[in-house]
Protein chains: 2
Amino acid sequence: MVRRQLYIVKIAVMGKSRRAKSRRKRAYHHGDLRTALIDAGLDLVARRGVQALSLRAVARHAQVSHAAPYHHFADKAELLAAVAAAGFDRMVAAIAQATVDHPPRSALEGLRAVGVGYLRFAFTHPAIFRLMFRPELTRPAAHPVLQNAEARAFGTLLTAIRAAQRAGELPGNDPAVPATFAWSTVHGLAVLHVDQVLRETPLGAVPIQELADAVVQLSIAGLQAAPRPEAVNGAPR
Amino acid sequence: MVRRQLYIVKIAVMGKSRRAKSRRKRAYHHGDLRTALIDAGLDLVARRGVQALSLRAVARHAQVSHAAPYHHFADKAELLAAVAAAGFDRMVAAIAQATVDHPPRSALEGLRAVGVGYLRFAFTHPAIFRLMFRPELTRPAAHPVLQNAEARAFGTLLTAIRAAQRAGELPGNDPAVPATFAWSTVHGLAVLHVDQVLRETPLGAVPIQELADAVVQLSIAGLQAAPRPEAVNGAPR
DNA sequence: CCTACCGATCGGTAGG
DNA sequence: CCTACCGATCGGTAGG
C-alpha cells in the first residue's frame, strides 16, 4: 500500500514534466494498467502488425517497463489472448452496427448483416483480425477469456441462422452445418483478402467490396438451396 | 572448384562414420543443397509448426551450417517462400489425386473434386498449409517462384469453374466471382479447422469430414443459384 | 511497478 | 560450405 502511493507520486511528477511529449502517459497509471496494456496491444498491432507484438513492445507502447505486464498477465500468451478477446468484442460491436445501419426486413437480411459486419470489421482492422485467429500466439485453449469472447461472436451468427430457420426462410432446424458453412464463407474471403492472397491472382482486379457483397449473397443462396444434395450429380439445370 | 572437391571428400568421410546415426546426411551433399533445404523446411514445419521455421533451424535440420543457405537463398524469406511454393505444388498434386480417386461424371463433380482435394491437403498437412498463407513469412510479392506456384494452384479452380460454365452446369461466363466464392468457402473451412477454431465452438462435435462434404456441397449449390440476387429480400421460399 | 540480469535465439556477414 | 562473430531482441525472473 505504502509502496503503491510512492509509485503514483513519482509518476505524477514525471507525467507533469513530460506532458507535452506524451499526454497518454499519465492515464496509464491510475490503477488500470491491465486495460492500458490491452489498448496498447490493439494500437500496436494495428500500427505495426502481428509480428511486432512482443511483450516488451506492448509494455513500451504503454510506457511501462517490460516487467510490469507480469503483474496482470501470467505470460505473453495471456496478454495477447486478452488483446484478441478485445478484438472479438469489437467485432461483435461492428456486427451490431451493421444491423443498425441496414435494418433487416427479414431474418435472411439479418443474417446478411452479420456477414457484412464480419467482413467490414476484418477489412477495417486487418491486423487485429489476424491476431484473433492466430492460436499459436494466443493459446485459446488455455484462456477462457478469449474463448468466451469467441463464443459471443459466434453466437451472433448462430442466432441469425436460428432465426431464419424458425421464420421458414432457411430449411432445417439444426444450425450447426449452415453456421459452419456461412462462417467458412465470410471467414475465407476475409483471410484471403487480409493476407493479400487475392491480390496475387487475376481476381485482384475486382473491388473487394463487390466481392464481399457477392460472397455473402452466394452464401445465403447456398443455404437456401440446402436440401438438395443430389443436385451436384450431373443433372443439368 | 578445387575447394568444392575438398568439401565433398570431407563430408563423405563424416557421412561414413555417422551413417548409422543419420543416413540422410550424405544425400544432402551431392550438389543439391537447395532442394535439401526445401525438403528440410517441409519436414520441419510438419513436425514442429510454423513457429519453428527459423533459418537456422532449417539449416540444422538439413545438417548444414546456418550460413550455408545463403549460398542458395538471399535471405530467410526467400527460403520460406521456396518451401511454401513446394507446398502449393503438393496441393496441386493432391487436387489431381482427388479427381483420380473420384472420376467426375460432370463438370460440377470435377469442381467438387477440386474442393475436396483442397481440403484433404489442408487437413493432411496443416502446418505446411499454414505457412503457404502466411505472407509476412514468405513475402510473396517479392518472390515470383511462390506467386507462380500459387497461380498454378488457383488455376485448377479457375479451370474447373470455366468448364462448368461452358457445360451449362453453372450460370454466367465470367469465372472471377464464382471462383472467389468457391475458394473463400473451402479456404475458410480449412483455416477454421487448421487453426482449431471450430473446436472451441458448439460445432466441434460434428466430424470434420462431414463438415467438409457439406461445405463443398453448399458452395456448389450457391453457385448454381447465382443469378437470383433478389432472393434474399425476404420472400419465403 | 522498476532496474538489472539471465540464457537463448535469431538473421546476417566476414573471411577464408 | 564452415567457423566465428556482431548486434539486437526476446521472455522471464530476482529482488526490492
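Quick note on labels: first sequence line is chain A, next is B, and so on, each numbered from 1. Values in this document were obtained by computation on a predicted structure and should not be read as measured data.
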In this structure, how many angstroms lie between the C1' atom of dC1(C) and the CG atom of L33(A), rounded? 8 Å
If you check the R56(B) side chain, which of dA4(D), dC10(C), dA14(D) turns out closest? dC10(C)
Heavy-atom distance under 4.5 Å between the side chains of R60(A) and H66(A), does that happen here? no
What's the OH-P distance between Y70(B) and dG16(C), to the nearest Å? 20 Å
Any non-hydrogen side-chain atom of F129(B) less than 4.5 Å from a side-chain atom of V191(B)? yes
Rounded off to whole Å, could you give me the CG-to-C1' distance for the L37(A) and dG11(D) pair? 15 Å
Regarding the side chain of S54(B), the nearest nucleotide among dG11(C), dT3(D), dC1(D) is dG11(C)
Considering only heavy atoms and no angle criterion, is a donor-acceptor pair shorter than 3.5 Å present between the side chain of H66(B) and the base of dG11(C)? no
Starting at CG of L79(B) and ending at P of dG11(C), how long is that distance when rounded to a whole Å? 10 Å
Give the C-alpha distance, both sets of side-chain angles, the deciding distance and a yes or no for side chain to side chain contact (heavy atoms under 4.5 Å, CB included) between Y118(A) and V216(A). CA-CA 10 Å; Y118(A) 191 98; V216(A) 171; over 6 Å; no
Name the closest nucleotide to the R60(B) side chain, picking from dG11(D), dC10(C), dC2(C). dC10(C)
Return the pairing partner of dA8(D) with a 3.5 Å limit on both distances, Watson-Crick or G-U wobble; otherwise return none. dT9(C)
Can you find a heavy atom in the side chain of F121(A) that is under 4.5 Å from one in the side chain of I128(A)? yes
Whole angstrom is fine here: how far is it from CD in Q63(A) over to P in dC2(C)? 10 Å
Quick one: L55(B) CG to dA8(D) P, roughly how many Å, whole number? 20 Å
Just call it for A68(A): base, sugar-phosphate, or nothing, with non-hydrogen atoms closer than 4.0 Å on any strand. sugar-phosphate
To the nearest angstrom, how far is R34(A) atom CZ from dC1(C) atom P? 13 Å
Among dT13(C), dC1(C), dG11(D), which nucleotide has an atom closest to any side-chain atom of A67(B)? dT13(C)
Both distances under 3.5 Å, Watson-Crick or G-U wobble: report the partner of dG16(D), or none. dC1(C)
Nearest-Å distance for atom pair NE2/C1', residues H72(A) and dC1(C): 8 Å
Which part of the nucleic acid does S65(A) contact within heavy-atom distance under 4.0 Å: base, sugar-phosphate only, or nothing? base
Is the gap between the ring centers of F88(B) and F133(B) under 6.0 Å? yes
